[in-house]
Trainee: 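This is the structure I have questions about; it appears just below.
Keep in mind it's a predicted model, so treat the numbers as computed, not measured. Just so you know, these numbers use all the heavy atoms, side chains as well, and skip hydrogens, waters and symmetry mates.
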Amino acid sequence: MTLIKSISGIRGTIGGKVGDNLTPVDAVKFASAYGTWLKNYSGKEKLSVVIGRDARISGPMIHNLVVNTLVGLGIDVIDLGLSTTPTVEVAVPLEKADGGIILTASHNPKQWNALKLLNEKGEFLNGVEGEKILEIAEAEAFDFSDVDSLGTILENDAYMDIHIDEVLNLPLVDVAAVKAAQFKVVVDGVNSSGGIIIPKLLELMGVEVVKLYCEPNGHFPHNPEPLKEHLTDISELVVKEKAHLGIVVDPDVDRLAFISEDGEMFGEEYTLVACADYVLSKTPGNTVSNMSSSRALRDVTNSHNGSYEASAVGEVNVVELMKKNNAIIGGEGNGGIIYPELHYGRDSLVGVALFLTHLANKKMTVSALRASYPEYYMSKNKIELTPQIEVDAILVAMTEKYKNEDITTIDGVKIDFASEWVHLRKSNTEPIIRIYTEAPSQKEADVLALRIIDEIKMIAGI
């Protein structure tokens, strides 16, 4: 079963049986549930919703189904067409819309797609709101409009350019400094909308761009999750082109990874660390990341006399804690930058602009910048779930086993040791248990991960 229903939306593989996969019927059902919830939530007579999609192959099909379902509910649609997740998030408040839907399965392979749901602020729904939508979908409690009350469709393809302008107008983005640095950058857009928007942003910042996989045809040339093992092509091209760095985004452009000039990974965990270092140096304040993210952000925040807090995993949880703690930058260790000066959502464009400004000011290579930060190494592993595996029982057993350590259970189980940590949690987006570890060396992180995986398998009897 590959249809995953969660508070943040619905995600699944294309084709197959209704209720088991993301079929046309499921897309219509959940778009209907969202539109019905929005009508109840807003209490307004006439509503509008912004819709955008990434370039995956199933995008046009799902897009047409969702748009016309909302029209059938009497909701006006502002159709951005090919877009990015942060672009839709920026567009919702600018259009004074009542909500938004992004059609993307983010870093998942091409057979996946999803409906990611936004409120009137252009932010992901909270748990209570998401649960209500799931209940409406389950009950199929839909009431469609008559022929005289159908919604309209307004196409607007200007928002990727508007989004770029919003980023370039941020006070901490120094276009002149970046132009003066004369950077040469290789961009891997994984053949999705990042292949359009990132090069355009860079060119406006005076950067020489070498494009790799920037045709938005949805045929991902490698696994679209921006991890080291998937990025050998760009690593080699950065060295061959004698580029200053490489930039990699996922299909919906909310995750960002950098390649150093020597072809080595900057480390997706350090995307947020570097951007936060720059922002904190100009505007001191607090930071937030999720508890699966590196301790390096805490160290950098402390060095700028700020306060760091860790949230449960999930963008909505990070944003909630950022607002509570007045954090001036935050995000997730998977390369997700949240900079509230523009909007409360992970945004690779903001990350690119802040990082290049930081690099231009520092006047150093990307590898030297990376070496200037605290050294931590992570091991990210997973165990495929089967119906026989009781995740909750595993987490309870691990909590009991390590009860004398510093344990946090707001999201799975995180065990903090003196110089390393492990975080175990069930994924919200895939049928897996994630096992993240961090330590002062890669070997220590890997050894800890293998030990924990063996302990889990023993408990689960697998």
Trainee: State, to 0.1 Å, how close Pro199 and Gly194 come at their nearest heavy-atom pair, and which atoms those are.
Mentor: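 Answer, listing the atom of Pro199 first, then Gly194: CD-O, 3.4 Å.
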Trainee: Would Asp392 and Lys426 count as a salt bridge (charged side-chain N to carboxylate O under 4.0 Å, His left out) here? Give the steps.
Mentor: CA-CA 9 Å; Asp392 291 339; Lys426 184 177 178 179; over 6 Å; no
Trainee: In terms of side-chain heavy atoms, does Glu455 have a donor or acceptor partner in Tyr402 at a distance below 3.5 Å?
Mentor: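 Present: a donor and an acceptor within the cut-off.
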Trainee: Closest heavy-atom contact between Asp347 and Val350?
Mentor: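 Heavy atoms only, the tightest pair is OD1-N, 3.2 Å.
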Trainee: Are Asn113 and Ser58 close enough, and set up right, to give a side chain to side chain donor-acceptor pair (under 3.5 Å), and what steps lead you there?
Mentor: CA-CA 7 Å; Asn113 213 328; Ser58 61; 2.8 Å; yes
Trainee: Assess the side chains of Thr84 and Ser193: does a donor N or O sit below 3.5 Å from an acceptor N or O?
Mentor: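 Note: Thr84 and Ser193 side chains miss the donor-acceptor criterion.
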Trainee: Salt bridge (Lys or Arg N to Asp or Glu O under 4.0 Å) with Lys179: which residues, sequence neighbours excluded?
Mentor: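 Lys179: no salt bridge (Lys or Arg N to Asp or Glu O under 4.0 Å) contacts found.
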Trainee: Between Asn381 and Ser379, do the side chains contain a donor N or O and an acceptor N or O under 3.5 Å apart?
Mentor: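 The answer is yes; a qualifying pair exists.
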Trainee: Donor-acceptor pair, Ser83 side chain versus Gly52 backbone, under 3.5 Å?
Mentor: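 Between the backbone of Gly52 and the side chain of Ser83 there is no qualifying donor-acceptor contact (under 3.5 Å).
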Trainee: Aromatic rings Trp37 and Tyr41: how do their planes relate, parallel, tilted or perpendicular, breaks at 30° and 60°?
Mentor: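 Ring orientation, 0 to 90° scale: parallel.
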Trainee: Within the distance-only criterion (no hydrogens, no angle test), does the side chain of Ser42 pair as donor or acceptor with the backbone N or O of Lys44 below 3.5 angstrom?
Mentor: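 Yes, Ser42 side chain to Lys44 backbone: donor-acceptor pair under 3.5 Å.
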Trainee: Tyr159 versus Leu94: any side-chain heavy-atom pair under 4.5 Å?
Mentor: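 Tyr159 reaches Leu94 side chain to side chain.
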Trainee: So do the side chains of Thr85 and Arg346 get within less than 4.5 Å of each other, counting heavy atoms only?
Mentor: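 No; the side chains remain at least 4.5 Å from each other.
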Trainee: Look up atom CG in Leu117 and atom CD1 in Ile102, then write down how far apart they are to the nearest 0.5 Å.
Mentor: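 If we round to the nearest 0.5 Å, Leu117:CG and Ile102:CD1 are 8.5 Å apart.
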Trainee: Using a 4.5 Å cut-off on heavy atoms from C-beta on, say whether the side chain of Thr13 contacts that of Leu22.
Mentor: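 No, their side chains stay 4.5 Å or more apart.
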Trainee: Would you say Asn317 and Ser311 are linked by a side-chain donor-acceptor pair, where the criterion is simply a distance under 3.5 Å?
Mentor: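 Ser311 vs Asn317: no donor-acceptor pair found between side chains.
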Trainee: Applying side chain to side chain donor-acceptor pair (under 3.5 Å) to Asn191 and Glu215, what does each step give before you reach the verdict?
Mentor: CA-CA 5 Å; Asn191 285 344; Glu215 286 295 321; over 6 Å; no
Trainee: Which atom pair, heavy atoms only, marks the closest approach of Cys214 to Gly189?
Mentor: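 Shortest heavy-atom contact: SG-N, 3.9 Å.
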Trainee: Is the terminal nitrogen or CZ of Lys323 (NZ for Lys, CZ for Arg) located under 6.0 angstrom from the six-membered ring centre of Tyr344 and within 45° of that ring's axis?
Mentor: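 Yes; both conditions hold, so Lys323 lies above the ring face of Tyr344.
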Trainee: Under 30°, 30 to 60°, or over 60°: which ring-plane class applies to Phe355 and Phe258, parallel, tilted or perpendicular?
Mentor: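 Geometry flag for Phe258 against Phe355: parallel rings.
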Trainee: We want to know whether Ser294 and Glu438 form a side-chain donor-acceptor pair, criterion being a heavy-atom distance below 3.5 angstrom.
Mentor: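 There is such a pair (donor and acceptor under 3.5 Å, judged by atom type) between the side chains of Ser294 and Glu438.
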Trainee: Salt bridge (charged side-chain N to carboxylate O under 4.0 Å, His left out), that's the test. Do Lys116 and Asp54 meet it? Break it down for me.
Mentor: CA-CA 12 Å; Lys116 293 166 78 169; Asp54 70 12; over 6 Å; no
Trainee: Please report the shortest heavy-atom distance between Phe124 and Asn119, naming the atom on each side.
Mentor: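 Looking at all heavy atoms of both residues, the shortest contact is O-ND2, 4.3 Å.
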Trainee: Which distance, rounded to the nearest 0.5 Å, do you find between the CG of Leu227 and the CZ of Arg255?
Mentor: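 Reported to 0.5 Å precision, the distance equals 6.0 Å.
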Trainee: Specify whether His230 and His222 have parallel, tilted or perpendicular ring planes, treating 30° as the upper limit for parallel and 60° as the lower limit for perpendicular.
Mentor: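 Parallel, since the angle between the ring planes stays under 30°.
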Trainee: Determine, for Glu405 against Lys414, whether the closest basic-nitrogen to carboxylate-oxygen distance falls under 4.0 angstrom.
Mentor: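 No.
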Trainee: Does the distance from a Lys or Arg side-chain N to an Asp or Glu carboxylate O, for Lys380 and Glu269, drop under 4.0 Å?
Mentor: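 The answer is yes: the pair qualifies as a salt bridge.
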Trainee: Decide yes or no for Leu280 and Thr287: does some side-chain heavy atom of the first lie under 4.5 Å from some side-chain heavy atom of the second?
Mentor: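 The answer is yes, as the side chains (C-beta and beyond) meet within the 4.5 Å cut-off.
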Trainee: Determine, step by step, whether Ile78 and Leu80 satisfy the side chain to side chain contact (heavy atoms under 4.5 Å, CB included) criterion, reporting the C-alpha distance in whole Å, the side-chain angles of both residues, the deciding distance to 0.1 Å, and the verdict.
Mentor: CA-CA 6 Å; Ile78 300 158; Leu80 307 191; 4.1 Å; yes
Trainee: Are side-chain N/O atoms of Asn334 and His107 paired as donor and acceptor at under 3.5 Å?
Mentor: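 Asn334 vs His107: no donor-acceptor pair found between side chains.
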Trainee: Check Arg295 against Phe417 and note the closest heavy-atom contact, atom names and distance.
Mentor: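 Result for this residue pair: NH2-O, 3.1 Å.
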Trainee: Nearest 0.5 Å please: distance from the OG1 atom of Thr437 over to the CG atom of Asp446.
Mentor: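 The CG atom of Asp446 is 6.5 Å from OG1 of Thr437, to the nearest 0.5 Å.
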Trainee: How long is the span from the CG atom in Leu256 to the CG atom in Leu354, to the nearest 0.5 Å?
Mentor: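 The CG atom of Leu354 is 10.0 Å from CG of Leu256, to the nearest 0.5 Å.
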Trainee: Answer yes if the ring centres of Tyr436 and His423 are under 6.0 angstrom apart, and no otherwise.
Mentor: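 So the answer is no for these two rings.
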Trainee: Will you find, in the side chains of Asp250 and Ser106, an N or O donor that is under 3.5 Å from an N or O acceptor?
Mentor: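 Ser106 and Asp250 do have a side-chain donor-acceptor pair below 3.5 Å.
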Trainee: Hey, does Asn126 have a side-chain heavy atom less than 4.5 Å from the side chain of Glu320?
Mentor: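 No. Closest side-chain heavy atoms not under 4.5 Å.
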Trainee: Strictly by modelled atom types, are Glu268 and Thr271 linked by a side-chain donor-acceptor pair under 3.5 Å?
Mentor: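 Result is no, nothing qualifies.
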Trainee: Is there side-chain contact between Ile338 and Glu315, with heavy atoms separated by less than 4.5 Å?
Mentor: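 Sidechains of Glu315 and Ile338: in contact.
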Trainee: Heavy atoms only: give me the nearest Gly100-Val49 pair and the separation to one decimal.
Mentor: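 Gly100 and Val49 have their closest heavy atoms at CA-CG1, 3.8 Å.
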Trainee: For the residue pair Ser289 and Tyr308, confirm or rule out a side-chain donor-acceptor distance under 3.5 Å.
Mentor: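 Present: a donor and an acceptor within the cut-off.
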Trainee: With rounding to the nearest 0.5 Å, note down the distance linking OG in Ser348 to CG in Asp252.
Mentor: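 Between Ser348 OG and Asp252 CG, I get 8.0 Å after rounding to 0.5 Å.
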Trainee: According to side chain to side chain donor-acceptor pair (under 3.5 Å), who are the partners of Arg370, at least two apart in sequence or on a separate chain?
Mentor: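 For Arg370 the side chain to side chain donor-acceptor pair (under 3.5 Å) partners, ignoring immediate neighbours, are Glu375.
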Trainee: Considering residues, nucleotides and ligands other than Lys184, do more than 12 of their heavy atoms fall under 6.0 Å from its NZ?
Mentor: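 It does: Lys184 NZ has more than 12 such atoms within range.
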Trainee: State, without any angle test, whether Ser48 and Asp76 hold a side-chain donor-acceptor pair at a distance under 3.5 Å.
Mentor: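 Ser48 vs Asp76: no donor-acceptor pair found between side chains.
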Trainee: Hey, could you give me the NZ/CG distance between Lys211 and Asp188, rounded to the nearest 0.5 Å?
Mentor: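 Reported to 0.5 Å precision, the distance equals 13.0 Å.
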Trainee: Is there a side-chain contact between Ile329 and Met322, using heavy atoms and a 4.5 Å cut-off?
Mentor: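 No. Closest side-chain heavy atoms not under 4.5 Å.
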Trainee: Could you check Thr301, Val300, Asn302 and say which one makes a side-chain contact (heavy atoms from CB on, under 4.5 Å) with Arg298?
Mentor: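 Going through the options one by one, the only one that passes is Asn302.
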Trainee: Side chains of Ile234 and Val187, heavy atoms from C-beta outward: is any pair under 4.5 Å?
Mentor: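 A side-chain contact under 4.5 Å is absent here.
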